[in-house]
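Worksheet: the structure to be examined is printed underneath.
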Amino acid sequence: MHFSSAHEASRLQLNAQGQLRHFLTTEGLSRAQLTEILDTAEGFIDPVSGAIVNRPLLAGRTVMNLFFEASTRTRTTFEVAAKRLSADVLNIDISKSSTSKGETLRDMLWNLEAMTADIFVVRHGDSGAAHFIAGQVTPQVAVINAGDGRHAHPTQAMLDMLTIRRHAGAFENLVVAIIGDIRHSRVARSEIHALQTLGAKEIRVIGPRTLLPKGFELMGVQLCENMETGLRDVDVAIALRIQNERMDSALLPGAEEFYSLYGLTRDKLKHAKPDVFVMHPGPINRGVEIESEVADGAQSLILKQVNYGIAVRMAVLTLAMQGQLAVRG
Ligand code: CP
């Protein structure tokens with residue numbers, strides 16, 4: 001399957017008024033557009049109790065989850081988010097679909113559209129898949145990228161931005177470190193675009209040379225191979241999962257050596273600011289990229305990230321539906 005460039009994805013996701021009609025990538029969106037997502041998500045969080053509220057903004061709409069790759073957090077929080085908005089939600093079981101009988105992806109999409117889909121939420125192992133699908137669907141259907149290959153995971157990036165804004169404060173004052181397997185990480189790419197657009201003071205990526213992709217310096221990010229230097233005085237430390245399933249050659253020392261050099265432990269965290277926040281998109285590998293005491297400790301925001309994921313996905317579903325309705329006229 002051939003997929004087009006990230007630039008095209010960024011162009012395809014806006015309608016003529018500059019509103020989101022699909023959400024494929026954080027790349028190319030303006031600070032105002034990213035802030036609108038964060039502010040809309042904030043509106044779904046009760047300011048007193050912190051609970052996620054119910055709003056029937058998508059009553060009568062149908063959201064279909066198309067997950068070609070495994071997921072716990074993203075698929076479930078999209079389902080919860082759609083239900084909180086009173087949408088009808090269908091989780092399509094790809095392993096039991098007629099694609100196993102030779103039906104093409106395009107035919108499957110057109111048949112699901114005929115079942116009155118308004119929004120497809122798509123996770124796929126191939127970079128560019130959500131963009132490809134957005135190019136195939138009729139103009140009435142919105143496509144939300146729930147993670148495509150190494151390319152992008154925009155809703156994860158935005159829930160991370162909401163977590164940072166709520167707990168660490170204004171982006172302009174923040175030094176953020178992203179640690180580990182940057183090379184294979186769609187989360188890191190989407191976070192870097194979002195952090196830069198939102199004006200973060202400094203972004204560092206830390207990991208072994210083999211997992212630090214060339215060209216990231218050109219994005220204005222500092223590359224560090226040393227945890228002590230990389231973590232010095234950071235406000236937010238984001239550990240990433242080692243993506244063994246995406247490694248096509250031996251790019252890592254053993255898991256034990258990786259943990260000893262790059263595992264986020266209480267000891268290494270002493271180099272960061274005393275009130276540093278710890279984040280991880282999940283799923284976490286305890287004792288590989290993060291120490292249990294750090295993942296479960298007082299400075300960890302990992303489960304808050306999951307919870308805010310509901311509000312951010314409610315925001316993205318609502319905004320994309322509004323952008324689609326503007327296209328429908
Ligand atoms: N963070 C994330 O995308 O987790 P899942 O793979 O469980 O959805």
Side-chain angles (χ1 to χ4, degrees), residues 20 22-26 29 33-67 69-92 117-123 130 142-147 152-168 186-187 190-191 194 198 236 238 241 277-284 295 300-324:
L20 275 187
H22 304 296
F23 190 31
L24 307 175
T25 173
T26 52
L29 292 181
Q33 286 160 335
L34 296 183
T35 303
E36 183 183 28
I37 296 173
L38 298 179
D39 291 346
T40 307
E42 195 68 54
F44 293 124
I45 303 174
D46 185 288
V48 179
S49 68
I52 312 283
V53 300
N54 293 341
R55 293 267 164 75
L57 299 171
L58 294 188
R61 306 287 176 193
T62 302
V63 176
M64 295 194 185
N65 280 332
L66 301 176
F67 278 63
E69 207 189 54
S71 167
T72 297
R73 280 146 290 273
T74 312
R75 193 179 71 96
T76 312
T77 50
F78 262 114
E79 183 174 350
V80 174
K83 286 179 172 165
R84 296 259 172 170
L85 294 165
S86 300
D88 298 319
V89 192
L90 284 89
N91 293 305
I92 310 299
D118 290 293
I119 302 178
F120 288 136
V121 177
V122 180
R123 165 160 301 184
V143 176
I144 313 285
N145 185 1
H153 195 349
T155 59
Q156 178 69 48
M158 293 313 295
L159 73 88
D160 292 342
M161 296 308 112
L162 185 67
T163 308
I164 291 173
R165 193 174 81 165
R166 293 197 111 221
H167 291 271
R186 54 196 176 207
V187 174
S190 289
E191 281 176 343
L198 291 166
V236 179
I238 306 175
R241 183 174 71 85
F277 287 109
V278 172
M279 295 170 55
H280 190 306
I284 62 174
S300 169
L301 298 174
I302 294 173
L303 293 178
K304 296 249 183 242
Q305 289 172 260
V306 178
N307 185 251
Y308 297 147
I310 300 170
V312 164
R313 287 167 177 138
M314 288 171 79
V316 168
L317 289 168
T318 305
L319 292 170
M321 195 68 239
Q322 284 169 2
Q324 278 303 332

TODO: Check Ala146 against Val121 and note the closest heavy-atom contact, atom names and distance.
DONE: CB-CG1, 3.8 Å
Task: Nearest-0.5 Å distance that lies between atom CD in Glu191 and atom CE in Met158 - done: 11.0 Å
When the side chains of residues 52-67 are checked against the rest of the protein, which donor-acceptor pairs come out under 3.5 Å, sequence neighbours left out?
{"unit_1": "Asn54", "atom_1": "OD1", "unit_2": "Arg84", "atom_2": "NH1", "d": "3.3"}
{"unit_1": "Arg55", "atom_1": "NH1", "unit_2": "Gly43", "atom_2": "O", "d": "3.3"}
{"unit_1": "Asn65", "atom_1": "ND2", "unit_2": "Asn91", "atom_2": "OD1", "d": "2.7"}

TODO: Apply the test side chain to side chain contact (heavy atoms under 4.5 Å, CB included) to residues Asp160 and Val187: give CA-CA distance (whole Å), side-chain angles for both, the deciding distance (0.1 Å), then the verdict.
DONE: CA-CA 10 Å; Asp160 292 342; Val187 174; 4.1 Å; yes
Task: Val236 vs Thr163 side-chain heavy atoms within contact, under 4.5 Å - done: no
Task: Minimum heavy-atom distance Val143-Ala130, with the two atoms named - done: CG1-O, 3.8 Å
- [ ] Please examine the side chains of Phe44 and Thr318, heavy atoms only from C-beta on, and report whether any two atoms are closer than 4.5 Å.
- [x] yes
Task: Donor-acceptor pair, side chain of Thr26 and main chain of Ser190, under 3.5 angstrom - done: yes
Task: Pro283 vs Arg241 side-chain heavy atoms within contact, under 4.5 Å - done: yes
Open item on the list: Is there a side chain to side chain contact (heavy atoms under 4.5 Å, CB included) between Leu29 and Glu36? Walk through the geometry before answering.
Closed with: CA-CA 11 Å; Leu29 292 181; Glu36 183 183 28; over 6 Å; no
Task: Mutual orientation of the aromatic rings belonging to Tyr308 and His167 [parallel < 30°, tilted 30-60°, perpendicular > 60°] - done: tilted
Open item on the list: I'd like to check the side chain to side chain donor-acceptor pair (under 3.5 Å) partners of Gln324; sequence neighbours left out, ordered by chain and number.
Closed with: none
Task: Verdict with reasoning, His153 to Arg123, per side chain to side chain donor-acceptor pair (under 3.5 Å) - done: CA-CA 9 Å; His153 195 349; Arg123 165 160 301 184; 3.2 Å; yes
TODO: Write down the atom of Asn145, the atom of Leu24, and the distance for their closest heavy-atom approach.
DONE: ND2-O, 3.0 Å
- [ ] Could you check Arg166 against Lys304 for side chain to side chain contact (heavy atoms under 4.5 Å, CB included), going step by step and ending with a plain yes or no?
- [x] CA-CA 10 Å; Arg166 293 197 111 221; Lys304 296 249 183 242; over 6 Å; no
Task: Side chains of Leu319 and Phe23 in contact at under 4.5 Å (non-hydrogen atoms) - done: no
Open item on the list: To the nearest 0.5 Å, what is the distance between CE on Met161 and CG on Leu198?
Closed with: 7.0 Å
Task: Side chain to side chain, Leu162 and Ile45, heavy atoms closer than 4.5 Å - done: yes
TODO: Check whether any side-chain N or O of Gln305 sits under 3.5 Å from a backbone N or O of His280 as a donor-acceptor pair, and report yes or no.
DONE: yes
Task: Evaluation steps, side chain to side chain contact (heavy atoms under 4.5 Å, CB included), between Thr74 and Arg313 - done: CA-CA 9 Å; Thr74 312; Arg313 287 167 177 138; 3.6 Å; yes
Task: Distance in Å, Asn307 CG paired with Arg73 CZ, rounded so as to fall on 0.5 Å steps - done: 14.0 Å
Open item on the list: Rounded to the nearest 0.5 Å, what separates atom CE in Met279 from atom CD1 in Ile238?
Closed with: 4.5 Å
Task: Check: Ile164 and Phe277 side chains under 4.5 Å, non-hydrogen atoms - done: no
